[in-house]
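Input: a single structure, listed below in structure tokens.
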Amino acid sequence: MTSSFDSIPTFVRTRRVAGLAAHPDGPVVATVSEPDEKGAAFVTQLVAVEPASTRYLTHGTESASLLAVGGRGEVYFARKDGKEEEKGAAVWMLPPAGEARIVLRRFEGVDSFEVTDTGVVVTASLMPSAASLSESDDLAKARTEAKTNAVLYDSFPIRRWNEDCGPTVRRLFVAPLPELYGDDELELTEVGMPAAPEGVDEWKLGSVEASRDGKTMLLTMNARNDIQNSSQVWCIHEGGEPVLAAADRELSYGAEAIAPDGTWALLGSYLPPLAGQVVDDGLLRYEIATGKLMPLTDRFEESATGAVITDSGELFITANRVGRGGIYHLENGEGTLVTDGDEYAYSSLSYSAGQLVALRSSLAEPPGVVFIDPESGAVTETPSLTDDLELPGELTEISATALDGTQLRAWLAVPESDEPSPLVVFAHGGPWGSWNDWTWRWNPWPFVARGYAVLMPDPGISTGYGKKMVSRGHDALGNEPFTDIMVLADAAIARPDIDEARQGFAGGSYGGYMANWVAGHTGTRFKCIVTHAGLWDIETMSKATDNGEWYTWMMGELPTGGTQASLWSPHLSAQKIEAPMLVIHGDKDYRVPFNQALELWQDLQRLHPEAGNKFLYFPDEGHWILKPANAQIWYETFIAFLDEHLLGKSFERAGLLG
């Protein structure tokens, strides 16, 4: 049978839904990414979605980045207007009828854009010495003309994920609503920031939430001391002075949403991971008039991944759920599952015309837009915005009991075959995460189409199983998560349709750490190992990453003695590696810096030069491999490496590698 996954070039260029936004009184708009004419890049377009129909709002060769949906039915998006001197993207407004027009031009674009009933709230990054938007644009143009990107830093971090920080500073602006069918452009007025608290080394604006009536803004302010980051929430009500809403020495707070009636707001709290302290988070209700804070998730075991407040003031959230996801009605500190009994995960939760709206997907189905009745939980599917994808096998679940008695589960994708299939184990990243929704980057089905069974385990430290599961392995990253995966792998190979003699292992980010750990602790059980953006030496990683929390956690003294770096670093077992490894890394990866791959590669070449190791390098990619041609090379090389060591085939070099 021919599958949609037989052609890697076609699969990596599949049209896909990339985002969603809505307004209670306006349209529902999805962002759809599709390949350009040459298939070299994705172009994003905006699509209006209704239960029975879809309609493209934007067209052309330039991507449209969705910014906001207004209550008058208008849609705001960022897109370049074709001017050579333009570096960023202009802000366009598309009215309910008629053509889109530019309402704001900036050389470097805007950071965020929010619409209220009376105006817009904009954050934009300016040069630190600039007194105005125009002066900042002039300075940015001068830098571009001089062909310099040099930045002088005086604080940490200097980069984030796959982008350099600065040299700009984010500032806050407001403006009245533009006319729907006029030709006016936004005239931005700057809003002053709250003063930095005493003893803070660095004080910057993070994000902004505005009330629907425009009377209240909640500012998430980032405070940094040495390499440690925390955040506070400040409230500006009816143009008054900023008032501190939430701050704590141990916790970080962020503004999530403001109720439609403007009386209260939803805040999020975050407890960072430390040695002996498990990462945790929660939601709180902030009474705008009194400043009172009240916990909302004190009896809810999962972390919210999204939230929305309806017109009636009810709170709905999305959260992971036992290898799936769900939409919950949150009330009195507890969550009631609205999407009861289904096999999906939900994201991009919004609200429109009395209905919840979200993206819904599973490991067997790519994201699509659905409407959900908040009372009954009834789901209405909309016309698909993704190319048809016929699965080459079936998805099933397996379960096992961990060494400490914890019940474990995993997804297993199995090809249609009369013979036992070779097995590839995928370790998820995070480390807090779950195999519970569709992914274009680590998709199991191209492997299944080529005869491989793919095991996707949720071991200790996975989400969707309660806080106790998250805490398992927190202070021993190479212990419970590793032993749990091995127990689930044992359960998989006990099946008659799996070939125990042909096993491979793979993972990215924390999954790459696990792949590196497995390499030094399982001998030849796995005939080959693929590690993508993986941690190799925890100490050098913690000193080079963009995330200051990692250093504090990994280098902190554990309650039982030692540190993660001294006890659980994969490089300590480099001498014991027996299986050939494929190392994959992007040069622009600042979360798991490229030096990790270099150190691993040198150790492999020095200690195991005859093992048949390979190194796939992407000079222009970061933590994720996103460009279509690069993604094609990633899958083709990955599969060729498996074919060589699990099927006995000659290694076939991807054609685009030259």
Side-chain angles (χ1 to χ4, degrees), residues 209 218 231 233 245-261 263-274 276-288 290-310 312-342 344-347 349 351 356 358 372-377 404-409 430-434 436 458 460-474:
E209 289 288 333
L218 291 179
S231 56
V233 176
D248 190 284
R249 285 187 177 183
E250 303 295 330
L251 295 173
S252 285
Y253 292 97
E256 302 294 334
I258 300 178
D261 64 6
T263 61
W264 66 278
L266 181 68
L267 306 187
S269 66
Y270 172 72
L271 179 69
L274 298 173
Q277 174 179 289
V278 180
V279 64
D280 197 9
D281 54 27
L283 296 175
L284 305 98
R285 178 181 175 123
Y286 170 68
E287 299 290 344
I288 292 173
T290 65
K292 182 181 178 181
L293 277 174
M294 181 179 71
L296 295 175
T297 51
D298 47 325
R299 294 190 297 278
F300 188 70
E301 281 285 301
E302 301 301 334
S303 298
T305 56
V308 69
I309 306 172
T310 67
S312 60
E314 293 181 291
L315 175 60
F316 292 86
I317 65 171
T318 53
N320 291 342
R321 180 183 63 85
V322 194
R324 299 156 180 82
I327 298 177
Y328 293 84
H329 179 209
L330 201 60
E331 190 175 27
N332 299 323
E334 297 181 344
T336 301
L337 187 61
V338 175
T339 52
D340 192 13
D342 71 15
Y344 295 95
Y346 296 82
S347 62
L349 185 63
Y351 179 72
L356 300 172
I372 307 102
D373 184 282
E375 296 295 329
S376 68
D404 65 0
T406 300
Q407 291 304 299
L408 306 172
R409 58 157 303 284
W432 311 281
S434 171
N436 67 351
D458 276 356
I461 220 164
S462 295
T463 55
Y465 304 87
K467 295 182 179 179
K468 184 178 180 180
M469 189 68 157
V470 173
S471 68
R472 294 179 69 249
H474 172 83

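The analysis underlying the following values was restricted to heavy atoms, covering all of them including side chains, and did not include hydrogens, waters or symmetry mates. Being a predicted model, the structure only gives us computed values, none of them experimental.
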| query | Quick check: does any side chain N or O of S434 sit under 3.5 Å from a backbone N or O of G464, one acting as donor and the other as acceptor? | reply | no

| query | Closest approach of P272 and E250, non-hydrogen atoms and distance? | reply | CD-O, 3.5 Å

| query | Distance from L251 atom CG to L271 atom CG, nearest 0.5 Å? | reply | 5.5 Å

| said: Using side-chain heavy atoms (C-beta onward) and a distance below 4.5 Å, is Y253 in contact with D248? | reply: yes

| message | In the structure I gave you, are the side-chain heavy atoms of L284 and S269 within less than 4.5 Å of one another anywhere? | response | yes

| query | How long is the span from the CZ atom in R324 to the CG atom in L337, to the nearest 0.5 Å? | reply | 11.5 Å

| remark: Nearest heavy-atom approach of E209 to A257 is OE1-CA, 4.0 Å

| task | Look only at the side chain of R472 and the backbone of V470, and say whether a donor-acceptor pair between them is shorter than 3.5 Å. | result | no

| message | Between I327 and L349, does the side chain to side chain contact (heavy atoms under 4.5 Å, CB included) criterion hold? Intermediate values first, please. | response | CA-CA 9 Å; I327 298 177; L349 185 63; 4.0 Å; yes

| said: Working to the nearest 0.5 angstrom, can you tell me the gap between I461 CD1 and W432 CH2? | reply: 6.5 Å

| For I258 and L218, what are the C-alpha separation, side-chain angles and deciding distance, and is it a side chain to side chain contact (heavy atoms under 4.5 Å, CB included)? | CA-CA 8 Å; I258 300 178; L218 291 179; 3.9 Å; yes

| remark: Taking every heavy atom of S347 against every heavy atom of A358, the minimum-distance pair comes out as O-CB, 3.4 Å

| Side-chain donor/acceptor of N332 to backbone N/O of E334, under 3.5 Å | no

| query | From D261 CG over to S312 OG, what is the distance, rounded to the nearest 0.5 angstrom? | reply | 10.0 Å

| task | List the atom of L293, the atom of A245, and the distance in Å for their closest heavy-atom pair. | result | CD1-O, 3.8 Å

| Side chain S471, main chain V278, donor-acceptor under 3.5 Å | no

| Is a salt bridge present between E301 and K467, judged by a nitrogen-to-oxygen distance below 4.0 Å? | no

| request: Show the numbers, then the answer: is there a side chain to side chain contact (heavy atoms under 4.5 Å, CB included) between L266 and I309? | output: CA-CA 9 Å; L266 181 68; I309 306 172; 4.3 Å; yes

| Spacing of L296 atom CG and I317 atom CD1 [to the nearest 0.5 Å] | 9.5 Å

| G282 backbone acceptor or donor facing T297 side chain under 3.5 Å | no

| query | In Å and rounded to the nearest 0.5 Å, what is the CG to CZ distance from L356 to F316? | reply | 5.5 Å

| request: Side-chain contact test, heavy atoms from C-beta onward, threshold under 4.5 Å: evaluate it for M469 versus T406 and give yes or no. | output: yes

| task | Kindly give the heavy-atom pair with the smallest separation between L267 and E256, and that separation in Å. | result | C-CG, 3.9 Å

| query | Do the two ring centres, one from F300 and one from Y328, sit under 6.0 Å apart? | reply | yes

| query | Does any N or O in the side chain of S231 come within less than 3.5 Å of the main-chain N or O of G254, such that one atom is a donor and the other an acceptor? | reply | no

| query | Quick one: which of D342, N436, T339 gives a side-chain contact (heavy atoms from CB on, under 4.5 Å) with R321? | reply | D342

| field | Sub-4.5 Å side-chain heavy-atom contact between T263 and I288 | value | no

| For the student: nearest non-hydrogen atoms of T305 and Y346, plus distance | OG1-O, 4.5 Å

| field | Presence of salt bridge, R409 and D458, under 4.0 angstrom | value | yes

| Is the backbone of H329 close enough, under 3.5 Å, to the side chain of E314 for a donor and an acceptor to pair up by distance? | no

